[in-house]
Every structure is written in structure tokens, then in C-alpha cells.
Amino acid sequence: MSTSSNLGFPKAQETTLVHHLLFRPSFPGEMRLSIRLAYLFLYNLLQFCGHTWIFANMTARFLTFGGDALADTFYAVGVVMSLCQLLSVLELFHIADGIEKARLLPRFVQVMTRNFLLFMVIVSQEEIQSKPVVCAQFYLWNILDLLRYPHVLLCLMGTDSFGMLWARYTLSIPIYIISVITEGITIHQSLPYFESLGTYSFQLSLPVSADIYFPILLKAYLPLLAVGACVTVWHSLSARELRLDKWNKKIKRK
């Protein structure tokens with residue numbers, strides 16, 4: 001997603017945002033709106049604005065109230081964070097539809113693990129929402145997205161830079177690893193609440209009688225989270241090498 005050719009258009013059609021996002025000539029005397037790029041630009045702009053607001057809100061609250069702000073981070077930004085994470089599911093359809101040229105598996109892992117943790121663990125357990133680890137988790141998610149969405153917007157406008165490219169494909173890797181570790185800590189800290197309250201635990205009678213104990217499922221999910229993170233990091237390293245090689249070749253041609 002680092003160049004406009006990654007958005008479903010051949011390289012011969014790469015151009016600036018004004019020409020390619022707003023209008024593309026189809027034949028003399030008529031201009032046609034590029035709906036796909038307009039949609040992608042608006043989507044990424046919306047995500048960027050949402051995550052910028054979350055990051056600014058959390059930072060301002062922390063600078064104003066200090067450590068006391070950690071306890072009510074979820075209550076301050078939880079709605080906007082939930083909306084941004086729900087909208088991120090659309091990115092899977094972007095890749096499947098060919099609007100965005102990217103690998104589906106690592107994006108699927110990232111989107112689904114985030115939504116699972118947010119809605120199945122954090123939202124469902126009010127006791128875990130006031131934990132400092134939730135604040136740390138939101139910060140890490142926001143940093144990752146604030147590295148990605150501005151880079152995409154710059155590429156759509158044809159003004160991508162090496163600094164943004166390097167940050168997107170280099171800084172994001174260690175931050176993602178820390179984020180996954182934080183996700184595991186969040187799940188671990190939520191286990192006592194699921195065990196005491198019995199949330200999502202139920203008895204299945206058909207087709208066979210069985211007790212579904214959600215804390216056991218969460219413990220089984222942790223190794224899967226680690227495997228998914230390893231796959232995502234491997235793909236990220238491959239993407240980093242590819243993007244930086246393309247940039248170096250582009251510079252040499254100039």
C-alpha cells in the first residue's frame with residue numbers, strides 16, 4: 001500500500017491526487033470521477049482523524065491528570081476506538097475486492113485479533129477497562145495506525161517520502177511486537193474476571209452435551225495469538241525489504 005500501483009491501478013496510470021483522485025479523462029471533453037480512489041482517500045482520512053483524536057485526547061488527559069487518567073481511558077476514548085476498529089474490517093474487503101493490493105493474511109490477523117480483544121475482552125468486562133494495560137494497548141494501536149494511515153494518504157496524493165516509508169515499514173515492526181505482548185497481558189489479567197463472573201461460559205446440549213468454559217478458550221487463544229504475530233512479523237519484514245528496494249531503485253533511476 002506504499003505506492004499508487006498498490007491500489008489496483010497499473011503503473012502507467014500513476015499520477016497526482018488532483019488528477020487521479022478527482023478526475024480521470026475517459027475521452028476528450030469528458031472527465032470521470034475516480035470513485036475507488038475517492039473512497040480510499042476518504043476512508044484513510046477518516047481513520048487518520050479518528051486515531052489522531054484518540055491519541056491527542058489520551059495524551060492531553062495524561063499530561064493534565066497524570067496517572068489518574070489511566071483508569072478512565074476507556075471511558076474517554078472507547079467509543080471512538082470501537083468505531084475505528086469496526087471500520088477496519090472494511091480493509092479486508094478492500095484487499096479481497098482488489099481495491100488495495102496487499103497480503104490478506106497479515107491484515108486479517110491484525111484486524112481480527114484487535115476486534116476480538118476489544119469487544120470480547122475489554123468491552124465485556126468493566127473491571128478490566130480501568131487497568132493501565134488498556135491505556136498502553138490503546139496507545140500502541142494508535143501509534144501503529146498513525147504510522148500507516150498518513151503514509152497511505154501521502155501515497156494517494158503522490159507525495160510519499162522516504163521518512164514516512166521507513167517509519168511505516170521499520171518502526172511499526174517492534175511496536176507491533178510490543179502491542180502483541182500487551183494483548184497477551186490484557187487477556188491474562190482478564191482471566192480472573194471471566195472465571196468469577198462466568199461471562200461467555202455456557203452449557204452446550206446439542207449435538208453433544210458439553211460445558212463451554214470461556215477462560216479455557218482464552219488460554220488456548222494465547223498460543224494462536226503468538227503464531228499469528230510471528231506470521232505478521234515475517235510478512236512485515238518481507239514487505240519492508242520489498243518497499244525499500246523499490247524506493248532505492250526509484251532513486252537510482254532519477
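Just so it is clear, the structure is predicted and the values come from calculations on it, not from any experiment.
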- Donor-acceptor contact present, side-chain N248 to main-chain L244, <3.5 Å: yes
- Item | Between Y221 and F116, ring centroids under 6.0 Å | yes
- Message: Before we go on, tell me: are the rings of H94 and Y39 under 6.0 Å apart, centre to centre?
- Response: yes
- Task: Give a yes or no on this: more than 12 heavy atoms of other residues, nucleotides or ligands lie within 6.0 Å of atom CD of E127.
- Result: yes
- Nearest 0.5 Å please: distance from the CG atom of N44 over to the CG atom of L40. 6.5 Å
- Decide side-chain contact (heavy atoms from CB on, under 4.5 Å) for Y75 and E126; before the verdict, give the C-alpha distance in whole Å, the side-chain angles of both, and the deciding distance to 0.1 Å. CA-CA 10 Å; Y75 303 101; E126 187 175 354; 3.5 Å; yes
- Query: Would Q125 and T199 count as a side-chain contact (heavy atoms from CB on, under 4.5 Å) if you check the C-alpha gap in whole Å, the side-chain angles of each, and the deciding distance to 0.1 Å?
  - Reply: CA-CA 8 Å; Q125 295 297 326; T199 309; 2.8 Å; yes
- Main-chain N/O of F138 paired to N142 side chain as donor or acceptor, under 3.5 Å: yes
- Check the pair K131 / T186 against side-chain contact (heavy atoms from CB on, under 4.5 Å), numbers first and verdict last. CA-CA 9 Å; K131 297 288 186 181; T186 304; over 6 Å; no
- Query: To which residues is I216 joined in a hydrophobic cluster, defined by side-chain heavy-atom contacts under 4.5 Å among Ile, Leu, Val, Met, Phe, Trp and Tyr, whether direct or through other members?
  - Reply: Y213
- Query: At what distance, to the nearest 0.5 angstrom, does NE2 of H235 lie from SG of C230?
  - Reply: 11.5 Å
- Message: With heavy-atom distances below 4.5 Å as the criterion, would you say the side chains of Y200 and S124 are in contact?
- Response: yes
- Message: Please check: side-chain N/O of T73 versus main-chain N/O of A69, any donor-acceptor pairing under 3.5 Å?
- Response: yes
- Item | Side-chain donor-acceptor pair present, S179, Q137, cut-off under 3.5 Å | yes
- Are M164 and L171 in one and the same hydrophobic cluster, where Ile, Leu, Val, Met, Phe, Trp and Tyr link if side-chain heavy atoms are under 4.5 Å apart? yes
- Message: Could you go through I175 and L147, starting from their C-alpha distance and side-chain angles, then the distance that decides it, and tell me whether this counts as side-chain contact (heavy atoms from CB on, under 4.5 Å)?
- Response: CA-CA 10 Å; I175 295 174; L147 288 175; 4.1 Å; yes
- Message: Rounded to the nearest 0.5 Å, what separates atom CZ in R114 from atom CG in L86?
- Response: 13.0 Å
- Query: Is any side-chain heavy atom of E183 closer than 4.5 Å to a side-chain heavy atom of W141?
  - Reply: yes
- Where do S82 and L118 come nearest, in terms of heavy atoms and distance? CA-CD2, 3.7 Å
- Per side chain to side chain contact (heavy atoms under 4.5 Å, CB included), F74 is matched among I128, V123, V79 by V123
- Grab the two heavy atoms, one from F194 and one from V121, that are nearest each other, plus how far apart they are. CZ-CA, 3.9 Å
- Query: Between L90 and M112, is there a shared hydrophobic cluster once you connect ILVMFWY residues whose side-chain heavy atoms come closer than 4.5 Å?
  - Reply: no
- Message: I want to check something: taking the side chain as every heavy atom from C-beta on, are F48 and D145 in contact at a cut-off of under 4.5 Å?
- Response: no
- Message: If hydrophobic clusters are built by linking Ile, Leu, Val, Met, Phe, Trp and Tyr wherever their side-chain heavy atoms come under 4.5 Å apart, do Y43 and L104 end up in the same one?
- Response: no
- Task: Check the side chains of T232 and Q110 for a donor-acceptor pair under 3.5 angstrom, ignoring hydrogens and angles.
- Result: no
- Task: Check T170 against P174 and note the closest heavy-atom contact, atom names and distance.
- Result: O-CD, 3.1 Å
- What heavy-atom pair brings S236 and I173 nearest, and what distance separates the two atoms? CB-CG1, 4.0 Å
- Item | L217 side, atom CG; M120 side, atom CE - distance, nearest 0.5 Å | 9.0 Å
- Task: Side-chain contact test, heavy atoms from C-beta onward, threshold under 4.5 Å: evaluate it for C135 versus M58 and give yes or no.
- Result: yes
- Would a distance-only check, ignoring hydrogens and angles, find a side-chain to backbone donor-acceptor pair under 3.5 Å from N115 to Q85? yes
- If we only count heavy atoms from C-beta on, is the F55 to I143 side-chain gap below 4.5 Å? yes
- Could you walk me through whether Y139 and T59 pass side chain to side chain donor-acceptor pair (under 3.5 Å), step by step? CA-CA 9 Å; Y139 256 121; T59 303; 3.0 Å; yes
- Query: Is it true that a side-chain atom of S238 and a backbone atom of W234 form a donor plus acceptor pair closer than 3.5 Å?
  - Reply: yes
- Message: Check whether S201 reaches the backbone of F214 with its side chain - one donor and one acceptor, N or O, closer than 3.5 Å.
- Response: yes
- E100 and R107 ion-paired at < 4.0 Å: yes
- Item | Shortest non-hydrogen contact from P192 toward H188 | CD-O, 3.7 Å
- Message: Is any side-chain heavy atom of M157 closer than 4.5 Å to one of L154?
- Response: yes
- Is a donor on one side and an acceptor on the other found under 3.5 Å between the side chain of Q47 and the backbone of C84? yes
- Message: For a 4.5 angstrom cut-off between non-hydrogen side-chain atoms, does H51 reach V80?
- Response: no
- Message: I'd like to know if V133 and F119 are part of one continuous hydrophobic network [Ile/Leu/Val/Met/Phe/Trp/Tyr, side-chain heavy atoms within less than 4.5 Å].
- Response: yes
- Query: Salt bridge check: are R61 and D68 linked by an N-O gap of less than 4.0 Å?
  - Reply: no
- Item | Distance-only donor-acceptor check, side chains Y169 and E241, under 3.5 Å | no
- Quick one: pull up CG in L146 and OG in S172 and give me the separation to the nearest 0.5 Å. 12.5 Å
- Message: Any heavy-atom pair between the side chains of L222 and L218 that's under 4.5 Å?
- Response: no
- Same cluster for I99 and V111 if Ile/Leu/Val/Met/Phe/Trp/Tyr side chains link at under 4.5 Å? no
- Distance col, row I122:CD1 vs L117:CG, nearest 0.5 angstrom, shows 4.0 Å
- Non-hydrogen atoms of N57 and A76 that approach each other most closely: OD1-CB, 4.1 Å
